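Reading through the structure tokens given below for one structure.
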Amino acid sequence: MNKLDTALVSAALQKAGFDLSDNVEKCDVVLINTCSVREHAEEKVFSHLGFLKHKKETNPNLLVGIIGCMAQRLGNELLEHKEVDIVCGPNQIPQIPELVKQVLKSKNKILTVTENIRQESPENPALEDFESVYDRADKRIPAQAYVRAMRGCNKFCSYCIVPYVRGPEVSRPPGKIIEQLKKLAGEGVKQVTLLGQTINSYKYTAGEKVYNLADILATASDIDEIEWIKFVTSYPTRKNYDKILQAMADLPKVCRYLHLPAQSGSDKILKAMNRKYTSQEYLELLEKARDTVPGIAIAGDFIVGFPSETEDDFEATVSLVKKARYKNCFVFKYSPRPGTIGDKKLQDNVPQQVKKKRNIELLAVQEKISDELSSQFLGKTVRVLVEGLSKKPHLNAEAGSDRPQLVGRTAADWIVVFNGPTSLAGEFAEVEITNTSPLTLFGKVEN
Ligand code: 5AD
Ligand code: SF4
């Protein structure tokens with residue numbers, strides 16, 4: 001979501017005449033798009049602010065803006081920081097170009113966030129227009145784009161800040177989504193990722209007709225130039241599940257990849273988290289997915305050290321991870337978020353050391369599984385959409401090549417590193433896998 005918002009704001013600023021820069025030393029304006037999901041993410045922003053405060057001492061004209069979830073959560077508290085000029089919530093981002101111009105002229109600080117975000121009207125025409133006009137996502141990854149299908153969340157998992165900073169769940173009109181996809185296709189986009197906090201709850205009522213995610217996937221599949229369609233993130237409930245899996249099975253363009261966070265394997269903890277399923281029900285969903293969509297890759301999220309998580313609860317999570325056989329999973333240490341039910345009612349009583357130990361242990365369990373799954377690709381040829389140059393040099397890649405290391409992803413979201421011409425960025429390539437590690441496949445390409 002944040003990557004998309006950053007792309008939208010960047011496009012809007014460029015249209016308004018600003019140039020983007022990677023060099024803070026040469027900038028007149030610095031905007032930080034922020035995340036509130038864990039305390040650590042917020043700490044990083046404060047550390048950036050410390051740096052920018054210092055910069056402002058030598059360049060008092062530097063404009064600093066905080067946008068996104070932290071802006072919505074902290075509002076005025078952020079504006080009180082001497083170095084901060086603009087605080088703008090995620091629902092106000094269409095105003096950014098105007099705000100920046102205004103502050104550059106007047107030098108006055110500006111705050112714009114949603115007052116009572118949970119009471120907010122689901123209609124937000126300004127955001128809807130903004131979305132449609134500046135829909136081209138991260139241009140640094142050619143041929144790919146994110147498209148928002150839904151905003152906000154109504155699930156209220158007890159640990160999570162999202163419903164309080166992104167507001168109520170709203171599904172965008174199917175016509176708008178499809179129009180946007182067609183426009184992107186016309187601009188050379190080959191892969192789209194539909195976004196929603198709980199994308200499987202997508203629901204749009206137009207007269208008699210109720211649209212669900214499977215309907216969007218089917219219509220999107222009819223757009224010639226779009227070759228791969230991905231969607232994240234799914235909430236593990238039965239609602240619409242069968243229809244969505246059937247769409248994945250029937251529609252070749254829909255990638256066989258599902259991000260389905262379980263968060264815990266202990267039913268006691270799942271209940272305390274306000275997740276509406278048991279570990280057994282979750283495993284049944286996985287079984288159904290694998291039966292309906294052969295070869296589907298599944299990724300998960302887990303939180304360790306949730307209040308009152310005992311060794312037994314953690315062992316239940318380990319056991320779930322072993323049974324689930326994820327392609328990969330993301331593991332987070334519980335971080336109390338002010339204002340959430342978890343923070344108000346539960347005590348953060350698992351020591352930091354224990355959280356850390358469980359985090360490392362769970363990742364080690366997953367690493368073994370990822371290694372087993374990735375090694376099955378040895379000797380096989382996979383189709384990847386090439387993203388561009390690999391950011392870090394990989395030792396396991398092809399030796400002695402004078403071509404740069406490129407990175408791409410398969411339809412099932414496996415990361416593939418290989419040497420090849422940079423002209424492949426944004427193109428599909430067939431890569432023969434010659435080496436594997438738990439999270440990355442390495443290979444060679446013919447052309
Ligand atoms: N502490 C730790 N992890 C969290 N997540 C969400 N809220 C918290 C929190 N308070 C994790 C969940 C979610 C992912 C995006 O972040 O696992 O799926
Ligand atoms: Fe947060 Fe739960 Fe909504 Fe996901 S489903 S965004 S974890 S409240």
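Remember, predicted model here, so these are calculated numbers, not experimental data. Remember, it's 1-based here, ligands and their atoms both numbered in the order they're listed.
Residue contacts with ligand 1, taken as heavy atom pairs separated by less than 4.0 Å, involve Phe332 solely via side-chain atoms from C-beta onward. The backbone and the side chain of Val37 each have at least one atom closer than 4.0 Å to an atom of ligand 1 (non-hydrogen atoms only).
Arg38 forms a cation-pi arrangement with Phe332, by the criterion of a distance under 6.0 Å to the ring centre and an angle within 45° of the ring axis. Figure legend: Lys209 and Tyr211 shown as a cation-pi pair, the cationic atom lying under 6.0 angstrom from the six-membered ring centre and within 45 degrees of its axis.
The nearest protein atom to atom 16 (O) of ligand 1, hydrogens excluded, is given as Arg38 NH1, 2.9 Å; this is a heavy-atom distance. Counting only heavy atoms of the protein, atom 7 (N) of ligand 1 lies nearest to Tyr159 CD1, 3.3 Å. When hydrogens are left out, the protein atom nearest atom 10 (N) of ligand 1 is Ser335 O, 2.8 Å; that is the closest non-hydrogen contact. Regarding atom 2 (C) of ligand 1, its nearest protein heavy-atom neighbour is Lys333 O, 3.3 Å.
The closest side-chain donor-acceptor pair between Gln92 and Thr114 falls under 3.5 angstrom. In this model, a donor atom of one side chain and an acceptor atom of the other lie less than 3.5 Å apart for Asn33 and Thr6.
Aromatic pair Phe231/Tyr146: ring centres not closer than 6.0 Å. Tyr326 has its ring centre less than 6.0 Å from the ring centre of Phe302.
Under the side-chain hydrogen bond (donor to acceptor under 3.5 Å, both in side chains) rule, Glu128 has a single partner from Lys176, Arg172, Arg148, which is Arg172.
Here the shortest heavy-atom distance to atom 12 (C) of ligand 1, taken over Met273, Gln263, Met1, belongs to Gln263.
With ligand atoms numbered from 1 in the order given, ligand 1 contributes 13 (C), 14 (C), 15 (C), 17 (O), 18 (O) to contacts under 4.0 Å with heavy atoms of Asp301. Taking every heavy atom of Arg337 and a limit of under 4.0 angstrom, the matching atoms of ligand 1 come to 10 (N).
A salt bridge links Glu131 with Arg151: at least one charged nitrogen is closer than 4.0 Å to a carboxylate oxygen. With salt bridges taken as basic N to acidic carboxylate O contacts below 4.0 Å, one links Glu42 and Arg73.
Shown are the protein N/O/S atoms under 2.8 Å from atom 1 (Fe) of ligand 2, given by residue and atom: Cys160 SG.
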Would you check, one step at a time, whether the test side chain to side chain contact (heavy atoms under 4.5 Å, CB included) holds for Arg337 with Ser36?
CA-CA 8 Å; Arg337 304 287 53 227; Ser36 282; 4.3 Å; yes
